[in-house]
Amino acid sequence: MNGSITDPTDFRETELPLFSQLDSLLRCHICKDFLKVPVLTPCGHTFCSICIREAINKSAKCPLCLNELRESGLRGDFLTGEVVNCYQNLRQPLLERIQKVEEPTVAGSETSLIEIESDGDRERISDIEEDFQILATNERKRLPGIKKITKRPASRKGGSKSNIESMFKSGVEMGECPICNEFFPVKTIERTHMDECLTRQALGKPKPKRSVKTPFQTSNRPSSVDSIASNLKYGENGAQHLKNYLESAVNDEKRLRLPKLDYNTLSLSQLKQKLGSLGLPSFGSKQSLMARYNHYEMLWNSNFFDSSSPVNENELKRQLLSWEASNNLNSNNNNNTIGKMITKNKDGERTYQKLLFDFKSDKFKRKSWIRLFRRMFQTLIKEAKSKMQDKATEERDSDKRSDAPVSEDYQTLIPQPESNVASSTAVLALEDAQSAVKTPLDTETPSIESKSGQNPDMNIS
Amino acid sequence: MASLPKRIIKETERLITDPVPGITAEPHDDNLRYFEVTVEGPVGSPYENGIFQLELYLPDDYPMEAPKVRFLTKIYHPNIDRLGRICLDVLKTNWSPALQIRTVLLSIQALLASPNPNDPLANDVAEDWIKDEEAAKQTAKKWSKLYATPKQ
Ligand SMILES: [Zn+2]
Ligand SMILES: [Zn+2]
Ligand SMILES: [Zn+2]
């Protein structure tokens, strides 16, 4: 596999080229990657929380339909989020299974509800159609500019009718299995199927031959969704996505939304105070302070209001730090930045520059980054300790730290080992599919050897 | 130092493996945000048979900010001025981060097919266009032959 860049066109040469449309639908129209912490706009469009917030900061319009849009109108879309996560897990095995070169598998030879279009050229056309469509939709909102761009050919009909009719005739009460989403007689689901299905998933075995299926009568569920959720014995990956979705809920407003600040009426010291009260560093020019607040506000609101599995404040601060470093926010004239602190050490300098470059060139390696920072965090911990002349036992208890009062430094950024690993909703758009993330960092010994950034697995091109 | 987000890498890859008919776009060796572009004049327009060179640059803020595009080949068109700057809404007020290099280039090709003298950038050309459309089209054709004909 050539790195983490995937594209809907990957499905073109497969048995089921129509998947390229599904693949497209599950992507954000801003970053063109799979939706990450998706949010729904009032106009009915879906984007990554961070992408759309950035776009709104530039122009308060929906990128797709150009309707007016405010950040306060965004709502987290948990279902789409889990659908995307689930699909991402399935994507590679699916691609392998429907490659054309291989002999047709059992699954491939079954009649499918999806109308198979094997004509690659038609997919090609529909791709450009999509480009035109975005332009055309936007065009309705615009001043007279380009006139007619193109006529869209009559839309194609998806799906087929065959199975549905036969279902009605059979008269069996059908229900949808919440795990595999296939349709079975309700009694079968209740009695045997769900157990089978869970076991099968836990063991990683393929599906058995299906019984009849229908897109109708989904309401005939064996019991309420909640009780299904609580009764499921989740396998490693089995029903995790379903569980995530069923357990997700809107934030109970324990936390406040961070407001936009009016920097014209805010003095430098007020701004510093504001950052301090959030536990953020207050060094740097007014411009970097503004940028710091803006980015943190975005991370914060996205995390606590859009994400179905929010991370804690320390993780948010770590993300802010990575962002600052990668944007060289303070590098020009300030000796007090993290970057500068690290680069005081010669080996550190090289590693830091390399990581910074990799970060920018999309080869960012999180493990090395954190390893590099760990040394610094430890120094900070030592300093903090000696300053406080306090009990050493507090060091590990970093959860309480998140609510700690004003900090002049990044002392509050000391990462907790768990949060390094578990940021499933990490907003750093660059790191998503990189395998490095998955390795638990606890086992790493702190080291800033300069070769740390050179693993071949991080190369994309 | 150039940062290259995944989105740009992807767009580039697709532009090369899956080019839009009549349009080519290739990134510069030294700067992957700078593209050398050619657009074929649309069939049926005064620019037919011409091949127009353009340059396209993706600013640091892309896709939050529109790409910068300019004609390098001289062209007689009411919405394109002497310096090759283009008056096109998607490049300015109507830019949206959902658009991409392909869509921008398609729009430019569409602009060649249907000039809009009522929203001009090149005022003199627009005046000619409104006064005598046929004569203006003849001039456009002449310029295309003169400046936009590929050398062998
Ligand atoms: Zn996105
Ligand atoms: Zn919209
Ligand atoms: Zn099942």
Side-chain angles (χ1 to χ4, degrees), chain A residues 2-9 12 28-33 45 47 51-52 54-59 61-66 124 127-128 130-135 137-139 141-150 326-328 353 356-357 359-363 429-430 432-433 460-461, chain B residues 1-15 17-23 27 32-33 42 59-66 79 86-119 121:
Chain A
N2 201 11
S4 58
I5 296 193
T6 64
D7 194 85
T9 53
R12 245 184 216 167
C28 163
H29 271 280
I30 298 172
C31 63
K32 314 291 179 193
D33 211 337
H45 292 121
F47 306 92
C51 289
I52 190 63
E54 254 179 75
I56 291 175
N57 280 347
K58 276 270 170 184
S59 156
K61 289 183 291 189
C62 169
L64 278 173
C65 64
L66 302 185
R124 195 164 292 241
D127 238 27
I128 295 176
E130 191 189 313
D131 289 337
F132 275 128
Q133 205 176 18
I134 293 172
L135 276 174
T137 326
N138 284 358
E139 197 188 352
K141 299 276 167 181
R142 288 187 205 127
L143 302 168
I146 325 156
K147 281 160 208 162
K148 225 173 265 170
I149 296 178
T150 187
S326 74
N327 282 273
N328 259 340
Q353 291 303 337
L356 208 55
F357 181 80
F359 193 105
K360 292 181 160 195
S361 61
D362 208 21
K363 293 177 188 168
L430 300 176
D432 58 349
I460 292 171
S461 49
Chain B
M1 215 198 300
S3 65
L4 209 61
K6 202 189 252 179
R7 162 159 170 170
I8 297 181
I9 300 173
K10 256 182 83 151
E11 280 199 56
T12 309
E13 213 175 71
R14 276 208 61 206
L15 281 167
T17 59
D18 186 20
V20 188
I23 294 173
L32 296 172
R33 286 172 173 270
D60 278 348
D61 242 3
Y62 179 81
M64 297 306 157
E65 207 179 297
N79 310 106
I86 307 163
C87 178
L88 185 61
D89 60 348
V90 288
L91 291 176
K92 292 172 183 147
T93 50
N94 278 322
W95 168 252
S96 146
L99 301 173
Q100 45 184 330
I101 301 173
R102 305 166 68 90
T103 37
V104 163
L105 297 180
L106 281 164
S107 307
I108 291 173
Q109 203 179 34
L111 187 68
L112 294 186
S114 45
N116 181 7
N118 297 316
D119 183 23
L121 188 65

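Computed over heavy atoms, backbone and side chain alike; hydrogens, waters and symmetry mates excluded. Chain letters run A, B, ... following the sequence lines, proteins first and then strands; every chain starts at 1.
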>> Main chain of B:K10, side chain of A:K32: is a donor-acceptor contact present, judged purely on distance under 3.5 Å?
In response: no
> At what distance, to the nearest 0.5 angstrom, does OG1 of A:T9 lie from CZ of B:R14?
Replying inline: 5.5 Å
>> Please give me the minimum heavy-atom distance between A:I30 and B:P63, naming the atom from each residue.
In response: O-CG, 3.9 Å
> Under the side-chain contact (heavy atoms from CB on, under 4.5 Å) test, which residues partner A:K58, sequence neighbours left out?
Replying inline: B:D61, B:M64, B:E65
>> Does any part of the side chain of A:D33, heavy atoms only, come nearer than 4.5 Å to the side chain of B:R7, both counted from C-beta?
In response: no
> Only one of A:S59, A:C62, A:P63 clears side-chain contact (heavy atoms from CB on, under 4.5 Å) with B:S96; which?
Replying inline: A:P63
>> Is there a side-chain contact between A:R12 and B:D18 in this structure, where contact means two heavy atoms from C-beta onward sitting under 4.5 Å apart?
In response: yes
> Shortest non-hydrogen contact from A:K61 to B:T93?
Replying inline: NZ-O, 3.0 Å
>> Testing the basics here: between A:L64 and B:A98, what is the closest heavy-atom pair and its distance to 0.1 Å?
In response: CD2-CB, 3.9 Å
>> Just to verify, what does B:L91 make a side-chain contact (heavy atoms from CB on, under 4.5 Å) with, not counting sequence neighbours?
In response: B:V69, B:I86, B:L88, B:V104
